[in-house]
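First comes the structure, then the notes that go with it.
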Amino acid sequence: MKFRYLGTAAAEGFPGMFCVCDACKRARIAGGRNIRGRSQAIIDGKLLIDFPADTCMRVLNGTLDLPAIHDCIITHRHSDHLYAPDLEMRKKGMCKADGEVFRIYASRPASDIIKETMDIYDLYEVVELHAIKPFDVFTVAGEYKVTALPASHDPKVIPDGGRAVFYIIEKDGKRILYAHDTGYFPEETWKFLEENRPYFSLASLDCTGGPLPLRVNHMGLAACKEVTDRLKACGCFDGSTRVIINHFSHNGGLIHDELVPVAAEYGFEVSYDGFELTV
Ligand SMILES: [Zn+2]
Ligand SMILES: [Zn+2]
Ligand SMILES: [Zn+2]
């Protein structure tokens with residue numbers, strides 16, 4: 001699988017939209033990999049992960065061929081991962097799409113937001129919503145086996161089990177763990193991982209806080225190390241697993257260039273917008 005980060009910041013963007021902190025000032029001056037948009041990634045140019053408002057800018061600047069994409073999995077309802085009103089732009093009269101629907105997979109409450117948007121703009125001809133639940137295993141684009149795991153993020157939990165999720169994505173015997181947004185994983189997720197022991201070639205871990213000791217809702221470097229150690233102990237990671245930290249907030253205080261040597265001490269690579277690798 002060819003995995004590409006499209007956006008690697010937390011919700012504020014990095015530099016933050018309205019922010020004049022020292023890290024944001026340094027990021028603006030340094031430019032390049034130090035400038036991060038909101039969370040999004042794509043696999044093989046066809047399986048999109050998350051749909052933030054920044055999706056539009058990626059289409060405009062040529063980094064995302066959205067008309068060619070028909071499948072999108074959503075982690076959760078926060079606006080840096082889901083900006084549902086832009087689905088209207090696929091409506092007939094607003095767009096000449098290729099006739100294939102845009103399939104979007106999300107757990108509640110994110111799927112409720114998408115459904116409400118589909119109701120408002122009457123998108124049922126062009127968007128197909130698949131409401132999933134934590135621990136669902138489903139096939140996307142006919143070739144990717146996707147497993148939704150409960151995240152420790154967003155306190156809203158729906159009585160039917162709906163909540164924020166993150167994903168295992170599997171194809172041709174290779175597995176990617178895309179763990180955003182989440183704090184240290186919930187025990188029910190650990191139970192699944194420790195019972196099933198899926199081996200990951202690549203893991204993208206929430207490291208919103210960078211050097212800050214975040215462990216609930218989001219993680220920092222120390223919690224990412226804890227997760228990595230536990231995944232190694234159960235055989236899900238080994239020395240060949242590429243562990244990439246991602247989803248950074250300016251509140252962590254380190255711009256990309258400053259974070260790279262700190263992360264290297266933990267054995268982690270640092271994401272940046274446009275970072276592409278093959279597993
Ligand atoms: Zn986020
Ligand atoms: Zn800032
Ligand atoms: Zn979030």
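In each ligand, atom 1 is the first atom listed, and ligand 1 is the first ligand listed. Just so we're clear, the structure is a prediction, and the values are computed from it rather than from any experiment. These numbers come from the heavy atoms of this one structure, side chains and all, not from hydrogens, waters or symmetry mates.
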Note to self: Apply salt bridge (charged side-chain N to carboxylate O under 4.0 Å, His left out) to residues R33 and E269 and explain how you reach the verdict.
What the structure shows: CA-CA 13 Å; R33 294 178 182 181; E269 297 175 70; over 6 Å; no

Within the 2.8 Å cut-off the protein N, O or S neighbours of the Zn ion (ligand 2) are C19 SG, C21 SG, C24 SG, H250 ND1

Residues D119, K115: salt bridge by 4.0 Å N-O rule: yes

- Salt bridge or not for R36 and D273, using N-O below 4.0 Å? no

Contacts satisfying ring pair (Phe, Tyr, Trp, His ring centres under 6.0 Å) that involve residues 129-156 (not counting sequence neighbours) are H76-H153, H78-H153, Y105-H130, Y105-F138, F135-F192, H153-H218

Report task. Answer yes or no: is there a donor N or O on one side and an acceptor on the other, between the side chain of R38 and the main chain of A11, under 3.5 Å? Result -> yes

T8 vs N246, test: side chain to side chain donor-acceptor pair (under 3.5 Å). Steps then yes/no. CA-CA 6 Å; T8 58; N246 178 45; 4.6 Å; no

Those residues at least two apart in sequence (or on a different chain) that pass side-chain hydrogen bond (donor to acceptor under 3.5 Å, both in side chains) with D112 are R108

In terms of the angle between their ring planes, are Y178 and F3 parallel, tilted or perpendicular, with boundaries placed at 30° and 60°? tilted

What one should report as the nearest heavy-atom pair of T241 and C236 is OG1-O, 4.3 Å

Given a cut-off of 2.8 Å, the protein N, O or S atoms lying below it from the Zn ion (ligand 1) are D80 OD2, H81 NE2, D181 OD2, H247 NE2

